[in-house]
K.L.:
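Okay, here's the structure, questions in a sec.
Order of the sequence lines sets the chain letters (A, B, ...), proteins ahead of strands, with each chain counted from 1.
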Amino acid sequence: MSEEKSLNFIEEIIEADLASNKYASISTRFPPEPNGYLHIGHSKAICLNFGLAAKYGGTTNLRFDDTNPVTEDTEYVESIKADIKWLGFNWNNELYASDYFDTLYAFALELIEKGLAYVDDSTSEEIAILKGTPTEPGKPSEFRSRSIEENRTLFTEMKNGLYKDGEKVLRAKIDMAHTNMLMRDPIIYRIKHAHHHRTTNKWCIYPMYDFAHGQSDSIEKITHSICTLEFIPHRELYEWFIEKLNIFPSRQYEMARLNMTYTVMSKRKLLQLVNEEFVNGWDDPRMPTISGLRRKGYTPLSIRNFCEKIGVARRENMIDLSLLEFCLREDLNVTAKRVMAVLDPIKLIITNYDAEKSEELIAENGPDETMGNRSIPFSNTLWIEREDFMEVPAKKWFRLAKGSVVRLKNAYIVKCESFEKNDNGDISTIYCTYYPESKSGNDTSGIAVKGTIHWLSAAHAATAEIRLFDRLFKVENPSAEEGDFKSFINPDSLTIISKAYIEPSLTKADLEERFQFIRKGYFCLDKDSTPEKLVFNRTVTLKDTWGKIAD
RNA sequence: UGGGUUAUUGUGUAAAGGUAGCACUACAGAUUUUGAUUCUGUCUGUCUUGGUUCGAAUCCAGGUAACCCAACCA
């Protein structure tokens, strides 16, 4: 008895197409425009397209939709490829819409020969006015009735560089009164004397999205071309070109894009955050980009699981950031090495432990025995977390307070005897006694404690900078709020602890490793680290039940 | 005042005329040398009004709301 997992609507379409022998196998594609970095929203499309092909034994192409030379760059091409690979996917073919410029040009000529395209000399303002509005039909341009010969000549001259940018465009001749604005003689080629990242200066005319995307799908024999909801009106045009050109009938299917709380997802907005230096680049750990998440310490598996859990449907959605964090913790909990670090130190002295002495204690590296053990140094002077001591203990306080006992993780049980304050009234030193027979692993003391806290031997601890990240925005949906989305940026999204104490073993950490700083969260080394100064990023906190009670 | 798309609990997502399920969140409790993990439990939902039917989230009709469409962007 196997529980059958329900299919999403695209899987249902594919299974029906396969069952009816419409296709022998499927082909999908992931078609980014190389004008920015990939973000978590793209990962939904990536996981879907690659996942579908894997599930049904098909292929997936990576196709760069590079039809607008002025916004695109190879920097973006490289980052996109790296991000997809990091997520764990391999494309069957690396392709570019610009590979098809010759074919697309021939398609345009074909439309001209069929009387289905014309060169328009109107300015963009004139074209906009004649286009009408959603509630009023458009009117034909005076150039709409040009002869095939004239159109052929003019278009060839456009291609040959006889005209300046904006002087002429090629339009499909469809229906100026169509209810779908996109069918009112859409522009299919425009003049741009610009350098293209791949074709360099070969072309000065470039096809528009609508004249490139569907045909590219068709050329590659993509069976299921998946895009987001805002492209629904484009489907009619997509099919019109395929029909008039009589080429392979790729089909477009639309799904809802990913929205996430406390996050903005549009490339335009992300670009603003980078350009106006609200963040430190595309891979700032606070960014929802794949590279930002990676740098923050996210794992590919956690993102793939997230994309699996959010599902695929056609209704607008707003996913809780907490679901992404759940997927992250779910993965890290079983893979991250456990270590100790003290972020906000306060000194603890064990008065009955020989000040000259130190010993090595055994600590497990992780929840799984196969992760092994390591040794950690212990001595009479320790760093503990300031928040683990309360002068006046709260109700149900399990940690240190005068007279209370706690276990030092992997070490001994200690009892707080007294504490000292400095001139500011802050607690400066805590004095404890320890129970020698309570050593971790062979505790014969019989003492029961409610709390266990982490610690570091002051003489042995190393130091590091630690960067704590919080959500980038203060409000759930910054894009929907009145006013500039940037005014909702969380001023406390980054907290830098310039000197925290870390376990000596951490000085050998590498960039790929994931750690749980016990009781503090998951952390990883940042690329800014140097041998002299280690930098750790907090990937995500642990769930904090006590923190909620305390509030 | 045009066209298109969508409405299931706080959030996602299932249920193809027959028990409204699952996950996240939240909240309780148990276990715990991480107030983590794990385990158990709780959690006022089918946009609305009619209709068809023995039976409707599902079919029909009318409302309502949200989103998208008037870039030489994708």
K.L.:
Base, sugar-phosphate alone, or nothing: which one does A/Thr545 contact when heavy atoms must sit under 4.0 Å apart?
P.N.:
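Answer is sugar-phosphate: A/Thr545 comes under 4.0 Å of backbone atoms only.
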K.L.:
B/G55 and B/U5: how far apart are their C1' atoms, nearest whole angstrom?
P.N.:
31 Å
K.L.:
Base, sugar-phosphate or nothing for A/Tyr206? Non-hydrogen atoms, less than 4.0 Å.
P.N.:
nothing
K.L.:
Categorize A/Val312 for me: base, sugar-phosphate, or nothing, with a 4.0 angstrom heavy-atom threshold over every strand shown.
P.N.:
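The answer is sugar-phosphate, as A/Val312 gets under 4.0 Å only of primed atoms, P, OP1 or OP2.
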K.L.:
Determine the interatomic distance between C1' on B/U49 and the same-named atom on B/A7; round to the nearest Å.
P.N.:
16 Å
K.L.:
When rounded to the nearest Å, what value does the distance between P atoms of B/A65 and B/C47 take?
P.N.:
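The answer is 16 Å between these two P atoms.
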K.L.:
Taking atom P in both B/G17 and B/C60, what distance in whole Å separates the two?
P.N.:
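Going atom to atom, P in each nucleotide, I get 12 Å.
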K.L.:
Under 4.0 Å: is that the gap between some side-chain N or O of A/Arg315 and OP1 or OP2 of B/A66?
P.N.:
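Negative; the distance criterion is not met.
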K.L.:
Holding to side-chain hydrogen bond (donor to acceptor under 3.5 Å, both in side chains), I want the full list of residues that pass it with A/Asn49, two or more places apart in sequence or in another chain.
P.N.:
none
K.L.:
May I ask you to evaluate whether A/Lys548 reaches the phosphate of B/A26, defined as a side-chain N or O under 4.0 Å from OP1 or OP2?
P.N.:
yes
K.L.:
Quick one: label A/Phe326 by what it contacts on the DNA or RNA (base, sugar-phosphate, nothing), any heavy atom closer than 4.0 Å.
P.N.:
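If one applies the 4.0 Å heavy-atom cut-off, A/Phe326 turns out to touch the sugar-phosphate alone, with no base involved.
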K.L.:
Identify each atom pair where a protein N or O and an N or O of nucleotides 1-5 of chain B are less than 3.5 Å apart, giving names and distance.
P.N.:
from	atom 1	to	atom 2	distance (Å)
B/G2	N3	A/Pro134	O	3.0
B/U5	O3'	A/Arg314	NH2	3.3

K.L.:
For A/Lys192, report the nucleic acid contact type (base, sugar-phosphate, nothing); a contact means any heavy atom under 4.0 Å.
P.N.:
sugar-phosphate
K.L.:
Looking for any heavy atom pair under 4.0 Å, which part of the strands does A/Thr123 touch: base, sugar-phosphate only, or nothing?
P.N.:
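If one applies the 4.0 Å heavy-atom cut-off, A/Thr123 turns out to touch a base.
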K.L.:
With heavy atoms under 4.0 Å as the rule, sort A/Thr133 into base, sugar-phosphate or nothing.
P.N.:
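It contacts base atoms.
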K.L.:
Give one of base, sugar-phosphate or nothing for A/Gln516, where a contact means two heavy atoms less than 4.0 Å apart.
P.N.:
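Answer is base: heavy atoms of A/Gln516 come under 4.0 Å of a base.
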K.L.:
Whole Å only: how far is the CG atom of A/Asn317 from the P atom of B/C68?
P.N.:
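One finds 14 Å between P of B/C68 and CG of A/Asn317, rounded.
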K.L.:
Select one nucleotide: of B/A14, B/A74, B/G10, the one nearest the side-chain heavy atoms of A/Asp320.
P.N.:
B/G10
K.L.:
May I ask you to say what A/Ile518 touches in the nucleic acid, namely base, sugar-phosphate or nothing, with a heavy-atom cut-off under 4.0 Å?
P.N.:
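The answer is base, as A/Ile518 lies within the cut-off (heavy atoms under 4.0 Å) of a base atom.
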K.L.:
Just grab all the side chain to side chain donor-acceptor pair (under 3.5 Å) pairs involving residues 432-441 of chain A, residues at least two apart or on different chains.
P.N.:
A/Glu359-A/Lys439, A/Glu417-A/Thr433
K.L.:
By a strict heavy-atom criterion of less than 4.0 Å, which residues belonging to residues 156-172 of chain A are in contact with RNA chain B?
P.N.:
A/Gly166, A/Val169
K.L.:
Base, sugar-phosphate or nothing for A/Ser122? Non-hydrogen atoms, less than 4.0 Å.
P.N.:
base
K.L.:
Calculate the interatomic distance between A/Leu237 atom CG and B/C69 atom C1'; express it in whole Å.
P.N.:
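A/Leu237 atom CG is separated from B/C69 atom C1' by 12 Å.
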K.L.:
Tell whether A/Arg399 reaches the base of B/G35 with its side chain through a donor-acceptor pair below 3.5 angstrom.
P.N.:
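Indeed, a donor on one side and an acceptor on the other fall under 3.5 Å apart.
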K.L.:
Specify the separation, in whole Å, of atom CD of A/Glu126 and atom P of B/A71.
P.N.:
15 Å
K.L.:
Given Watson-Crick or G-U pairs with both distances under 3.5 Å, what dot-bracket string fits RNA chain B, with | for other-strand pairs and [ ] for crossing?
P.N.:
.((((((..((((....[..)))).(((((.......)))))....(((((..]....))))))))))).....
K.L.:
Can you see if the side chain of A/Thr452 gets near the phosphate of B/U32 - specifically, an N or O under 4.0 Å from OP1 or OP2?
P.N.:
no
K.L.:
When all nucleic acid strands are considered with a 4.0 Å heavy-atom cut-off, which category describes A/His234: base, sugar-phosphate, or nothing?
P.N.:
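The answer is base, as A/His234 lies within the cut-off (heavy atoms under 4.0 Å) of a base atom.
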K.L.:
Is there aromatic stacking of A/Trp546 against B/G35, centre distance under 5.5 Å, plane angle under 30°?
P.N.:
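Stack criterion met.
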K.L.:
Enumerate the protein-to-nucleotides 16-18 of chain B contacts in which both atoms are nitrogen or oxygen and the separation is below 3.5 Å.
P.N.:
none

K.L.:
Answer with yes or no whether A/Arg407 presents, from its side chain, a donor or acceptor under 3.5 Å of a partner atom in the base of B/U33.
P.N.:
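It does, because a donor-acceptor pair links the side chain of A/Arg407 to the base of B/U33 below 3.5 Å.
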K.L.:
Looking at B/U37, does its base get a donor-acceptor pair with the side chain of A/Arg329 below 3.5 Å?
P.N.:
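A donor-acceptor contact between them is absent.
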K.L.:
Give me the distance, rounded to whole Å, that separates B/A23 from B/C39 when you measure between the P atoms they each carry.
P.N.:
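It comes out at 11 Å once rounded to the nearest Å.
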K.L.:
Using a cut-off of 4.0 Å on non-hydrogen atoms, how would the nucleic acid contact of A/Gly547 be classed: base, sugar-phosphate, or nothing?
P.N.:
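The answer is nothing, as A/Gly547 stays clear of every strand by at least 4.0 Å.
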K.L.:
Work out how far the C1' atom of B/A28 is from that of B/U48, and round it to whole angstrom.
P.N.:
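Their C1' atoms lie roughly 36 Å apart.
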